[in-house]
Amino acid sequence: ILDHKRSFNKAYNLLLTKKNNKNLFEKEEIKEKIIKRYDHKKWKKTQGLVYGKFIRSECEVYPGFKEFCVYASLLGHKIFIISHKTKTGHYLSKRINLRKEAEKVLKIKLGDVYKNINKIHFCDTFNKKIELIKKYKPDIVVDDLEDVLVALKNNSQKILFKEGLS
């Protein structure tokens with residue numbers, strides 16, 4: 001739903017390069033660079049900045065999501081967002097509630113389209129997310145993690161979301 005590419009690049013520049021690198025790297029590339037150069041703790045800190053401090057200023061709604069929400073609602077579908085986002089960022093001096101920030105940003109960035117979202121759920125674990133999806137028995141599940149789709153052994157149509165694919 002939210003494209004964090006600019007956020008990851010801003011955090012990468014701030015934490016590692018201390019300069020404003022104009023190149024935009026993919027999340028996985030940044031993760032690999034940080035873990036290779038530093039450690040997993042530094043990667044967690046980067047994620048805390050991305051999903052906390054930088055979420056309002058740097059992320060954008062993926063193209064087509066607003067239109068999808070409106071169209072799905074017009075067809076009578078309910079839209080549920082189910083995330084297994086961590087509550088607070090790791091290793092940051094200021095503890096930011098990442099779930100509240102994500103919800104605030106969705107309201108701001110989606111504008112009037114936000115009313116088409118029936119419910120937003122945040123789960124503490126991957127397994128809780130899977131359980132909740134199964135409970136809703138959705139017709140369609142869209143997720144950016146293939147593991148989520150594989151774990152669902154139901155009749156839902158499963159769509160793997162990847163940036164740049166339509």
Side-chain angles (χ1 to χ4, degrees), residues 1-69 80-111 113-114 117 120-133 140-152 158-166:
I1 297 169
L2 294 174
D3 181 355
H4 295 282
K5 188 173 190 170
R6 284 191 354 218
S7 303
F8 273 107
N9 280 273
K10 184 170 183 171
Y12 174 72
N13 289 331
L14 179 72
L15 290 172
L16 301 176
T17 65
K18 307 292 187 220
K19 60 184 178 184
N20 192 9
N21 188 340
K22 299 294 182 202
N23 295 329
L24 286 180
F25 299 107
E26 297 298 326
K27 175 184 171 184
E28 289 303 315
E29 191 176 0
I30 291 172
K31 178 180 179 180
E32 185 179 302
K33 287 173 185 268
I34 291 172
I35 292 173
K36 184 176 181 180
R37 186 169 171 186
Y38 295 96
D39 55 22
H40 200 73
K41 183 177 177 180
K42 191 76 143 182
W43 170 243
K44 292 279 191 185
K45 186 175 183 177
T46 303
Q47 288 179 300
L49 286 171
V50 168
Y51 300 124
K53 184 177 180 179
F54 299 151
I55 193 169
R56 289 187 193 201
S57 63
E58 301 299 324
C59 78
E60 296 296 330
V61 175
Y62 274 108
F65 182 73
K66 289 181 179 182
E67 295 82 359
F68 166 79
C69 288
F80 298 97
I81 297 173
I82 302 173
S83 171
H84 66 282
K85 181 177 291 307
T86 306
K87 282 185 182 176
T88 57
H90 300 288
Y91 311 112
L92 298 176
S93 57
K94 185 178 178 188
R95 299 300 268 181
I96 298 170
N97 186 320
L98 303 181
R99 294 173 177 186
K100 285 183 181 176
E101 282 301 304
E103 198 160 357
K104 285 178 194 174
V105 168
L106 282 172
K107 284 180 183 175
I108 293 165
K109 303 275 183 181
L110 291 176
V113 173
Y114 184 81
I117 307 293
I120 298 175
H121 294 280
F122 294 103
C123 302
D124 291 326
T125 66
F126 176 87
N127 288 336
K128 293 282 185 195
K129 176 178 178 171
I130 299 303
E131 287 173 25
L132 189 56
I133 293 170
I140 302 169
V141 176
V142 180
D143 206 291
D144 63 342
L145 295 175
E146 189 170 6
D147 291 346
V148 170
L149 303 178
V150 169
L152 295 171
K158 297 163 189 77
I159 300 171
L160 179 63
F161 174 82
K162 289 290 181 194
E163 183 181 5
L165 298 178
S166 54

Q) Can you name the closest pair of heavy atoms from Leu98 and Gly48 and give their distance? A) CD2-O, 4.1 Å
Q) Do the ring centers of Tyr12 and Phe25 come within less than 6.0 Å of each other? A) yes
Q: Go through the structure and list residues passing salt bridge (charged side-chain N to carboxylate O under 4.0 Å, His left out) with Glu58, not counting sequence neighbours.
A: Arg6, Lys10
Q: Could you walk me through whether Val148 and Ile133 pass side chain to side chain contact (heavy atoms under 4.5 Å, CB included), step by step?
A: CA-CA 10 Å; Val148 170; Ile133 293 170; 4.0 Å; yes
Q | Contacts of Lys85 that satisfy salt bridge (charged side-chain N to carboxylate O under 4.0 Å, His left out) - sequence neighbours left out | A | none
Q: Determine, for Glu101 against Lys104, whether the closest basic-nitrogen to carboxylate-oxygen distance falls under 4.0 angstrom.
A: yes
**Q.** Partner residues of Asp124 under the salt bridge (charged side-chain N to carboxylate O under 4.0 Å, His left out) criterion, sequence neighbours left out
**A.** Arg99
Q. Mind checking what makes salt bridge (charged side-chain N to carboxylate O under 4.0 Å, His left out) contact with Lys27, not counting sequence neighbours?
A. none
Q: Could you note down all residue pairs passing salt bridge (charged side-chain N to carboxylate O under 4.0 Å, His left out) where residues 143-152 supplies at least one of them, sequence neighbours left out?
A: Lys129-Asp143
Q. Quick one: does Glu103's side chain get under 4.5 Å of Phe122's, heavy atoms only?
A. yes
Q. Under the 3.5 angstrom rule, does the side chain of Asn13 hit a backbone N or O of Asn9 as a donor-acceptor pair?
A. yes
**Q.** For Thr88, side chain to side chain donor-acceptor pair (under 3.5 Å) partners two or more places apart
**A.** Arg95
Q | Flag side-chain contact, heavy atom, 4.5 Å: Ile55 against Val50 | A | no
**Q.** Whether over 12 other heavy atoms sit under 6.0 Å from Glu32 CD
**A.** no
Q.
Just checking Tyr51 against Phe8, ring centres under 6.0 Å apart?
A. yes
Q) Any sub-3.5 Å donor-acceptor pair from Lys109's side-chain atoms to Arg56's backbone N or O? A) yes
